[in-house]
Participant: 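Encoded as structure tokens, here's the structure I'll be asking about.
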Amino acid sequence: MVDTFGMNWLIDKPYLIFFAMIPLLVIGDLFLEDSTLAINVHDTYFVIANQDITVLFSIIFTGIGLGYWLTQKFKGQLRRWMTLAHILLTFGGILFITIMGALLNTVYDPLKPDDVNETLYVNFVLWLSILGVLFGQILYPINLILALFKK
């Protein structure tokens, strides 16, 4: 069978990509300036430092990588399509959210009321991509539970 762009390796050992992302996140955080993420919810801004987001994603990726590693260590059979969907929705969604967040910061000018429609569109697409990432995270425990029952 022909291995297209290393996808079989990615699906057979998904824990490696999650473990590899942890040092990349930390190194990326070292080179970024001290930036924050501001989320507006019902006229309240939640400001989160970039370092806190890096620590949160590192902990989450460690847990996901350990789950995949333990499943394979105990000879569990992961569903290939669920694993691929989880990886693509997680990393593709995070990349898309990062790009849309940067676009929102460049598009939105609070002094120009004409930008409201563009900001609403970017916010809508941003929330849809967040829902896509969350759906991918729902696939992860379902895949692990099914792998425990099929050995």
Side-chain angles (χ1 to χ4, degrees), residues 1-41 44-108 118-151:
M1 177 139 202
V2 176
D3 186 15
T4 309
F5 302 113
M7 284 294 186
N8 286 335
W9 170 83
L10 181 70
I11 296 171
D12 291 338
K13 296 183 180 183
Y15 55 88
L16 291 178
I17 192 167
F18 286 99
F19 288 152
M21 284 305 295
I22 296 168
L24 292 176
L25 283 171
V26 173
I27 290 170
D29 185 45
L30 292 176
F31 290 111
L32 287 176
E33 59 187 49
D34 189 25
S35 61
T36 59
L37 173 69
I39 301 171
N40 184 7
V41 179
T44 303
Y45 273 100
F46 296 98
V47 180
I48 305 167
N50 193 28
Q51 293 172 340
D52 295 335
I53 293 172
T54 301
V55 169
L56 176 69
F57 276 126
S58 296
I59 292 170
I60 290 171
F61 286 170
T62 301
I64 291 172
L66 281 174
Y68 277 134
W69 181 74
L70 288 173
T71 302
Q72 289 196 344
K73 194 74 169 166
F74 292 115
K75 306 285 190 258
Q77 298 258 330
L78 293 168
R79 304 296 191 275
R80 294 177 67 83
W81 72 270
M82 281 186 163
T83 304
L84 183 63
H86 175 244
I87 292 170
L88 290 178
L89 285 172
T90 299
F91 292 112
I94 289 172
L95 181 66
F96 190 74
I97 289 168
T98 304
I99 292 169
M100 292 303 287
L103 181 65
L104 182 62
N105 288 337
T106 59
V107 167
Y108 179 67
E118 292 176 11
T119 306
L120 289 175
Y121 175 73
V122 171
N123 271 335
F124 178 71
V125 172
L126 188 62
W127 279 107
L128 281 179
S129 58
I130 290 171
L131 289 175
V133 170
L134 291 176
F135 176 72
Q137 302 320 302
I138 291 171
L139 288 176
Y140 170 70
I142 293 171
N143 195 8
L144 290 183
I145 291 170
L146 290 175
L148 289 175
F149 292 118
K150 181 184 176 186
K151 288 193 174 194

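Throughout, numbering of the chain's residues begins at 1 and tracks the sequence.
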Participant: Step by step, work out the side-chain contact (heavy atoms from CB on, under 4.5 Å) result for Leu146 and Ile142.
Facilitator: CA-CA 6 Å; Leu146 290 175; Ile142 293 171; 4.0 Å; yes
Participant: Would you mind telling me which of Ile87, Ile64, Leu84 makes a side chain to side chain contact (heavy atoms under 4.5 Å, CB included) with Pro14?
Facilitator: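 Single side chain to side chain contact (heavy atoms under 4.5 Å, CB included) partner of Pro14 among Ile87, Ile64, Leu84: Ile87.
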Participant: Ignoring hydrogens and geometry, is there a side-chain-to-backbone donor-acceptor pair from Asn143 to Leu78 under 3.5 Å?
Facilitator: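 Checking the backbone N and O of Leu78 against the side chain of Asn143, no donor-acceptor pair under 3.5 Å is found.
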Participant: Side chains of Phe91 and Ile17, heavy atoms from C-beta outward: is any pair under 4.5 Å?
Facilitator: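 Yes, their side chains come closer than 4.5 Å.
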Participant: Over all heavy atoms of both residues, which pair between Ser58 and Val26 is shortest? Give the atoms and the distance, please.
Facilitator: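 That closest heavy-atom pairing would be OG-CG2, 4.3 Å.
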Participant: Within the structure provided, determine whether His86 and Tyr68 are in side-chain contact (heavy-atom separation under 4.5 Å).
Facilitator: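 Yes - at least one pair of side-chain heavy atoms lies under 4.5 Å apart.
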Participant: Would you name the heavy atoms of Leu89 and Gly136 that are closest together and state the gap between them?
Facilitator: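 In terms of heavy atoms, the two residues are closest at CD1-CA, 3.6 Å.
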Participant: Search all heavy atoms of Leu25 against all heavy atoms of Thr54 and return the closest pair with its distance.
Facilitator: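 Looking at all heavy atoms of both residues, the shortest contact is O-CG2, 3.7 Å.
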Participant: Out of curiosity, Thr83 OG1 to Leu88 CG, how far, rounded to the nearest 0.5 Å?
Facilitator: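 Output value for this atom pair is 10.5 Å.
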Participant: For the atom pair CG (Leu139) and CG (Leu144), what is the distance rounded to the nearest 0.5 Å?
Facilitator: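 These two atoms lie 11.0 Å from each other.
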Participant: Fit a plane to each ring of Phe61 and Phe18, take the angle between them on a 0 to 90° scale, and name the class: parallel (under 30°), tilted (30 to 60°) or perpendicular (over 60°).
Facilitator: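 The rings of Phe61 and Phe18 stand perpendicular, inter-plane angle above 60°.
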Participant: How close do Gly67 and Tyr140 get, heavy atom to heavy atom, and via which atoms?
Facilitator: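 Taking Gly67 first and Tyr140 second, the nearest heavy atoms are CA-OH, 3.2 Å.
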Participant: List the residues meeting ring pair (Phe, Tyr, Trp, His ring centres under 6.0 Å) with Phe19, not counting sequence neighbours, and say none if there are none.
Facilitator: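 With sequence neighbours excluded, Phe19 shows a ring pair (Phe, Tyr, Trp, His ring centres under 6.0 Å) to no residue whatsoever.
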